[in-house]
Amino acid sequence: MSIKTSLLYSAGAVEEHYNAGEYIFRESSMPQFYYQVLKGEVKLNNYNHDGKEFIQNILRNDESFGTSMLFIHKVYPVNAIAISKCTIIKVHKESFYKLLEQQPYLYLEVSKSLSERLYNKFILMRKISCHNASERLKEVIQLMKQEQDNQLPFSFVVPLTRQQLASLTGLCIETTIRTIKKMERDKILRIKDRKILY
DNA sequence: TCATTAAAGTTAT
DNA sequence: ATAACTTTAATGA
């Protein structure tokens with residue numbers, strides 16, 4: 001889901017530019033804005049005590065983020081960090097509320113999008129908590145593929161590095177690499193120029 | 001089965 | 001050039 005940028009601008013949205021690695025918001029801070037990605041990629045993540053990263057989600061082209069925390073008075077449970085050089089658009093919470101009041105159909109859109117995210121999270125959790133490496137990776141890749149129109153086998157070029165795949169599944173990178181290779185041998189996916197096709 | 005460590009090769013900035 | 005990412009191999013829980 002994405003909200004038309006013209007609507008967001010009319011609600012007082014501002015554009016911001018970030019370089020790779022820069023924080024857009026931090027874990028434990030108070031949500032104040034509705035965010036949407038205009039260009040580039042953003043990740044939502046956590047770091048555990050020994051610095052290992054766990055990626056919760058990766059957002060790109062027109063996807064919103066941080067929205068699920070916007071309607072409750074709680075601090076962010078994740079960081080939002082730019083993966084690449086990116087442009088985001090943000091609207092202050094109060095203006096966003098007003099926009100939803102003026103455009104009630106947007107409420108439905110936002111609800112749908114939140115439901116979708118929640119649904120995918122459940123599916124992912126089910127696999128990640130009780131399946132082997134291959135299953136975990138397959139699920140993450142499959143969920144991403146579902147967002148594209150072409151569902152033919154091997155038509156989806158996974159837009160993630162091995163490292164990101166590892167951080168999304170909670171596996172170490174070496175296991176991720178070995179498992180991806182095994183999955184290629186098992187004809188679950190293909191590898192072309194290091195890119196994963198599913 | 002998977003994590004960790006180390007070492008070396010490859011790609012991106 | 002330097003950092004970030006990828007790969008392989010050995011070892012151990």
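To find a chain, count down the sequence lines: A is the first, B the second, and so on, and within it residues start at 1.
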Undergrad: Who pairs with A:Phe54 by side-chain contact (heavy atoms from CB on, under 4.5 Å), at least two apart in sequence or on another chain?
TA: A:Gln56
Undergrad: With a 4.0 Å heavy-atom cut-off, tell me which residues in residues 176-197 of chain A come close to DNA chain B, sorted by residue number.
TA: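 Within residues 176-197 of chain A, the residues near DNA chain B are A:Arg178, A:Arg194.
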Undergrad: Only counting residues at least two apart or in another chain, list the ones meeting salt bridge (Lys or Arg N to Asp or Glu O under 4.0 Å) with A:Glu53.
TA: A:Lys43
Undergrad: Please determine, by modelled atom types, if A:Tyr9 and A:Glu15 share a side-chain donor-acceptor pair under 3.5 angstrom.
TA: yes
Undergrad: Among residues at least two apart in sequence or on other chains, which ones pass side-chain contact (heavy atoms from CB on, under 4.5 Å) with A:Glu101?
TA: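 Applying side-chain contact (heavy atoms from CB on, under 4.5 Å) to A:Glu101 gives none.
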Undergrad: Do A:Gln148 and A:Ser155 get their side chains close enough for a donor-acceptor pair, meaning under 3.5 Å?
TA: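 Judged by distance alone, the side chains do pair up.
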Undergrad: Using a heavy-atom cut-off of 4.0 Å to chain A, what are the terminal contacting nucleotides of DNA chain C, in 5' to 3' order?
TA: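 It runs C:dC5 to C:dA10.
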Undergrad: Heavy-atom contacts under 4.0 Å between residues 157-173 of chain A and DNA chain B, which residues?
TA: A:Gly170, A:Leu171, A:Cys172
Undergrad: Could you report the tightest heavy-atom contact between A:Ser95 and A:Ala11, atom names first, then the distance?
TA: CB-O, 3.4 Å
Undergrad: With sequence neighbours excluded, what pairs up with A:Asp149 under the salt bridge (Lys or Arg N to Asp or Glu O under 4.0 Å) test?
TA: none
Undergrad: Measure from the side-chain N and O atoms of A:Asp62 to the backbone N and O of A:Gln36, and report whether any donor-acceptor pair falls under 3.5 Å.
TA: no
Undergrad: Kindly write out the residues that satisfy salt bridge (Lys or Arg N to Asp or Glu O under 4.0 Å) with A:Lys182, not counting sequence neighbours, or none if the list is empty.
TA: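 Partners of A:Lys182 under the salt bridge (Lys or Arg N to Asp or Glu O under 4.0 Å) test: A:Asp186.
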Undergrad: Mind checking which nucleotides bracket the chain A contacts on DNA chain B, 5' to 3', with an atom under 4.0 Å from a heavy atom?
TA: B:dC2 to B:dT11
Undergrad: So what does A:Ala133 touch, heavy atoms closer than 4.0 Å: a base, only the sugar-phosphate, or nothing?
TA: sugar-phosphate
Undergrad: Is A:Phe65 isolated, or which residues cluster with it under the ILVMFWY side-chain rule of less than 4.5 Å, directly or via members?
TA: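 Members alongside A:Phe65: A:Tyr18, A:Ile24, A:Phe25, A:Phe33, A:Tyr35, A:Val37, A:Val42, A:Leu44, A:Leu59, A:Met69, A:Tyr76, A:Val78, A:Ile88.
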Undergrad: Show which side-chain atoms of residues 188-198 of chain A pair as donor or acceptor with protein atoms under 3.5 Å away, not counting sequence neighbours.
TA:
residue, atom, partner, partner atom, Å
A:Tyr198, OH, A:Gln142, OE1, 2.8

Undergrad: Tell me the ring pair (Phe, Tyr, Trp, His ring centres under 6.0 Å) pairs involving residues 95-118 of chain A, sequence neighbours left out?
TA: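 Qualifying pairs: A:Tyr34-A:Phe96.
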